[in-house]
A.B. asks: 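Encoded as structure tokens, here's the structure I'll be asking about.
Numbered from 1 within each chain, the chains take letters A, B, ... in sequence-line order. Since we're looking at a predicted model, the values are computed, not measured.
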There are 2 protein chains.
Amino acid sequence: MVTMQDVARLAGVSKMTVSNVVNNREGVSDAVRQRVLEAIRRSGYRVNVSARTLKSGRTGVIGLAVPEIDRPYFGHLAALVIDAARRQGFHVAIEQTGAAADGEADAITHSRTLHFDGLILSAVALDRLDDRPAEAGYPIVMLGEQDFGGRFDHVAMPNEEGAKAATAHLADRGCRRIAIVTGGVLDRVNAVSRRYHGYLAALTERGLDVDPSLFVPLDGLTMEAGRAAAHRLADSGHEVDGVVAVTDTVALGVLRGLADRGLRVPGDIRLIGFDDVPEASYSVPSLSTVAPDHEWMAAKAVELVAQRIRAPLRPTSQHIAPFELMTRESTL
Amino acid sequence: MVTMQDVARLAGVSKMTVSNVVNNREGVSDAVRQRVLEAIRRSGYRVNVSARTLKSGRTGVIGLAVPEIDRPYFGHLAALVIDAARRQGFHVAIEQTGAAADGEADAITHSRTLHFDGLILSAVALDRLDDRPAEAGYPIVMLGEQDFGGRFDHVAMPNEEGAKAATAHLADRGCRRIAIVTGGVLDRVNAVSRRYHGYLAALTERGLDVDPSLFVPLDGLTMEAGRAAAHRLADSGHEVDGVVAVTDTVALGVLRGLADRGLRVPGDIRLIGFDDVPEASYSVPSLSTVAPDHEWMAAKAVELVAQRIRAPLRPTSQHIAPFELMTRESTL
DNA sequence: TTGTAGGCGTTATCAT
DNA sequence: ATGATAACGCCTACAA
């Protein structure tokens, strides 16, 4: 490995001068600077990040913990976070939590062990972080899901508002028997339950039935679960003319499941999702959905981490992403 | 920050003993070990990875460079690589290259700067790595795409074999005018051109037309490009009863584009893709495709990196993933 | 403008 | 079985 010492020898200066050149510091004559740069180029020297880190206590890496990187929504989010982080000079290491509370708590511990400068946690299961190493000693920003009562910086989805707008849109299109395909534990405060409440709020506002048989539970937030739920809905014999799916991934599964039963979208049933994953524009039919501004969310999350790294003690702040209702073929 | 020195003081031993306990080394009496573990627990000590790295020269991190993490195929691949790496005790940092040769070369340089222990490079554009820092001084494994004439460890897709099988399958279903939707530069050796050759080989073997007008060029490997290609194909007036799409992502775009023109799959045109991304099972109609064993590929790539870290000088090896033909609704 | 000394937290080596 | 010492490569502080 080529060290500063080697470069110094090659350029005939002290290693301190090399350090000054590498870090673009003042007080190096142009002649020496050129000589050093040339020596760096010839030797192929690279700064040793570990050594620098050891002194500075910073790694320049922030962790991003998501349930599974291969779910369209999280892949999309990760891409945006990686780009936003690069713009601020950070690298991103991805942890997969497997959508389990243990995995999410592990990610926190893990990040500390690896000395990430901060962690962006897309928590879907961890709802009692107070039992865990909450005060981790480094910045944690919650992204998009659970709410923790102001104890963390938090970038939230417009869950309630978005679901309400989606449901109202179905009503505007003439739907009268609107089902919701959702899941998880609805008596806790989380993204899924908030969306459910948005759905209820819209029904109430429009004076539509709130019929328990129109509530289709879901066994996980996967396409397969959505497909199975659609089968149950179709086989139940309940009259339904609109479906709100709790995520686009689920909605794409529902779309498939309705096709399995010969039901046409939007002809027989209108369908709307939540997230606006890229695939939503390309499904057949294309999927109407609630489109939170993901880029805004990613940028905000990285910005909050960066701010907190600089000022660990500033009060936490909560933010809700703007959204747009994307009306496509599935609700024509 | 709690250091080994602090723990040592707390437990009344030397920091060397703490180090031995932390690393599960022999030669520490049970009594002392317990005392140290207790001190670690009470103090909340964590090893400083930077310091350890500085000594060992290893970071425990391997880079994974992919074009864009939010493309379904690469998201899926990343998830598998992350899991496989964890099983071998590595962490994964993801770099996005933007499918450009510059980005891919940057990833190599970058990995060295960050002192990754190795790099798994899913190169799609870089075809002249010899002009670049090829002998990077640390393990590079090429995953799934370009071929570099044996200069790297390489885990390849069954490009030619798979595309041939896909085309033959369309022929078996009765297709006689089989188009291919593909792109990139076909005179270089890469995944796309190999698949094209597989397509040609199957046509020749079955005695079918090799008609240049059935070659639909593609402006990138995206859904949008696939959609546009389908539009051109439909509008061209050429008689076509089967389409081979060079990737599933493109195929899903083609599916959408054919729907835009009122063409039914598989009724009017049969369609087959390549990759078997998760979405392929859920599209309407579900997508027949060539399914390379992605898990096998991810595990093999990580294994090759790990082997090369241990033995940098062993000869490179090339591997081709097994595949399976998944026949679904789009070719019924 | 440039150089020297010391230390960041860990581990390898060698001693006790 | 345990401890002292010296690196690893870099940077801060101070000296020349």
A.B. asks: Please report, rounded to the nearest Å, how far the C1' atom of dT12(D) is from the NZ atom of Lys15(A).
C.D. replies: 12 Å
A.B. asks: For the side chain of Ala51(A), starting at C-beta, report the closest nucleotide among dT11(C), dA1(D), dC10(D).
C.D. replies: dC10(D)
A.B. asks: If you only use heavy atoms from C-beta on, which nucleotide in dG9(C), dT2(D), dC10(D) is closest to the side chain of Asn48(B)?
C.D. replies: dG9(C)
A.B. asks: How many Å lie between CE on Met16(B) and P on dT10(C), as a whole number?
C.D. replies: 11 Å
A.B. asks: Atom CG of Asn20(B) to atom P of dC14(C): distance rounded to whole Å?
C.D. replies: 16 Å
A.B. asks: Check whether any side-chain N or O of Ser50(B) sits under 4.0 Å from OP1 or OP2 of dG9(C), and answer yes or no.
C.D. replies: no
A.B. asks: Which is true for Asn23(A) with a 4.0 Å heavy-atom rule: it touches a base, it touches only sugar-phosphate, or it touches nothing?
C.D. replies: sugar-phosphate
A.B. asks: How close or far is atom P of dC10(D) from atom CG of Leu54(B), stated in whole angstroms?
C.D. replies: 9 Å
A.B. asks: Ignoring hydrogens and geometry beyond distance, is a side-chain donor-acceptor pair present between Ser50(A) and Arg52(B) at under 3.5 Å?
C.D. replies: no
A.B. asks: Is any side-chain N or O of Arg52(A) closer than 4.0 Å to OP1 or OP2 of dG9(D)?
C.D. replies: no
A.B. asks: The side chain of Thr17(A) is closest to which nucleotide in this list: dT11(C), dT2(C), dT2(D)?
C.D. replies: dT2(C)
A.B. asks: What about Lys55(B): does its side chain form a donor-acceptor pair under 3.5 Å with the base of dA12(C)?
C.D. replies: no
A.B. asks: Could you give the CD-to-P distance, from Gln5(A) to dG9(D), as a whole number of Å?
C.D. replies: 10 Å
A.B. asks: Report the C-alpha distance between Glu303(A) and Lys300(A) in whole Å, list the side-chain angles of each, state the deciding distance to 0.1 Å, and finish with yes or no for salt bridge (charged side-chain N to carboxylate O under 4.0 Å, His left out).
C.D. replies: CA-CA 5 Å; Glu303(A) 180 193 321; Lys300(A) 182 56 105 181; 3.8 Å; yes
A.B. asks: Atom CZ of Arg58(B) to atom P of dA12(C): distance rounded to whole Å?
C.D. replies: 12 Å
A.B. asks: Establish, with yes or no, whether the OP1 or OP2 oxygen of dT2(D) is under 4.0 angstrom from a side-chain nitrogen or oxygen of Ser29(B).
C.D. replies: yes
A.B. asks: Could you check how far CD1 of Ile40(B) sits from P of dT10(C), rounded to whole Å?
C.D. replies: 10 Å
A.B. asks: Run Val141(B) and Leu121(B) through side chain to side chain contact (heavy atoms under 4.5 Å, CB included) and show every step you take.
C.D. replies: CA-CA 6 Å; Val141(B) 173; Leu121(B) 180 55; over 6 Å; no
A.B. asks: How about His154(B) and His319(B): are their ring centroids closer than 6.0 Å?
C.D. replies: no
A.B. asks: Please tell me which of the listed nucleotides, dG3(C), dT10(C), dG3(D), lies nearest to the side chain of Ser14(A)?
C.D. replies: dG3(C)
A.B. asks: What I want to find out is whether Glu68(B) reaches Arg71(B) closely enough, with some N-O distance under 4.0 Å, to be called a salt bridge.
C.D. replies: yes
A.B. asks: Using a cut-off of 4.0 Å on non-hydrogen atoms, how would the nucleic acid contact of Arg25(A) be classed: base, sugar-phosphate, or nothing?
C.D. replies: sugar-phosphate
A.B. asks: If I take atom CZ in residue Arg9(B) and atom C1' in nucleotide dA4(D), what distance separates them, rounded to the nearest angstrom?
C.D. replies: 16 Å
A.B. asks: When you check the phosphate oxygens OP1 and OP2 of dT11(C), does a side-chain N or O of Ser19(B) lie under 4.0 Å from one of them?
C.D. replies: yes
A.B. asks: Remember a base hit wins even if backbone is also touched, and classify Val22(B) as base, sugar-phosphate or nothing at under 4.0 Å, heavy atoms.
C.D. replies: nothing
